[in-house]
Structure formats: structure tokens, C-alpha cells
Amino acid sequence: MTRDLAEVLPRLQRDVAATLGPTYRQLIDDIASDVRALDVPRAGEKLVNDVQQHFHDTHVDATWPACPRHHKHPLWYRDGAWWCVEDGVAVAALGELPAKR
Ligand SMILES: [Zn+2]
């Protein structure tokens, strides 16, 4: 479980830094600490979902990470990759989102 989280954390950090900048590194570490303390299965997935939810809820970016095919909806994380649900395809592996801005 914790290995899952340890693998996901640096990749998620990279994707956030590439798309939103370096501002959120500590925030993501803090959310990771919270998730780690819960000791739930699929902790890596929960970390990604919690960070994404935070960006949506706080209006940092309501469509983060924006789908590069459609631009108007977020990608959703599943099985180590970011998915466009409209086309049903994996757009990028976690940690390999194209940099923007
Ligand atoms: Zn899409």
C-alpha cells in the first residue's frame, strides 16, 4: 500500500509542477501524509483523486488536468494513467503529462 503511494507521489508532483508550476509541492506532500495516515488500499489512487479534487474545489483549476484533445474537461486517473473519458483512451502515463504555460 505504502509502496503504491511512494511510487505515485513523485509522478504526481512532476505532473502538477509541469502543468501548474512549483507552488503546490508542499500541499501535495501534506495531502500524501494524510492519505498515508489512513492506511487504505489503493492509496496512490486516493492521493491523485484527493489532489485533483482540491484543485477543483479551490478553483485553482476546475478542469485540472485539462484533456489535450478537448480542453474542456479534466482527465481522470486510473491504472497509472490519465484518461479522457470522452474518447475512452489513456492520454498520458502518470508523471508524463505534457508541460503547459
Ligand atoms: Zn477528452
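Since we're looking at a predicted model, the values are computed, not measured. Atoms within a ligand are numbered from 1 in the order they appear, just like the ligands themselves. Counting from 1, the numbers follow the sequence of the chain as shown.
You'll find the ring centres of Trp64 and Trp82 inside the 6.0 Å limit.
A salt bridge does not link Asp4 with Arg42: none of the charged nitrogens is closer than 4.0 Å to a carboxylate oxygen.
Each of Asp30, Asp29, Ile31 was scored for a side-chain contact (heavy atoms from CB on, under 4.5 Å) with Leu27, with one residue passing: Ile31.
For the pair Pro65 and Leu97, the tightest heavy-atom approach, listed with the atom from each and the gap, is CB-CD1, 3.5 Å.
Between atom CG of residue Leu38 and atom CG of residue Leu47 there is a gap of 11.0 Å, rounded to the nearest 0.5 Å.
Residues Asn49 and Gln53 bring no donor and acceptor atom of their side chains to less than 3.5 Å of each other.
Sorted by chain and number, the protein atoms of type N, O or S within less than 2.8 Å of the Zn ion (ligand 1) are Cys67 SG, His70 ND1, His73 NE2, Cys84 SG.
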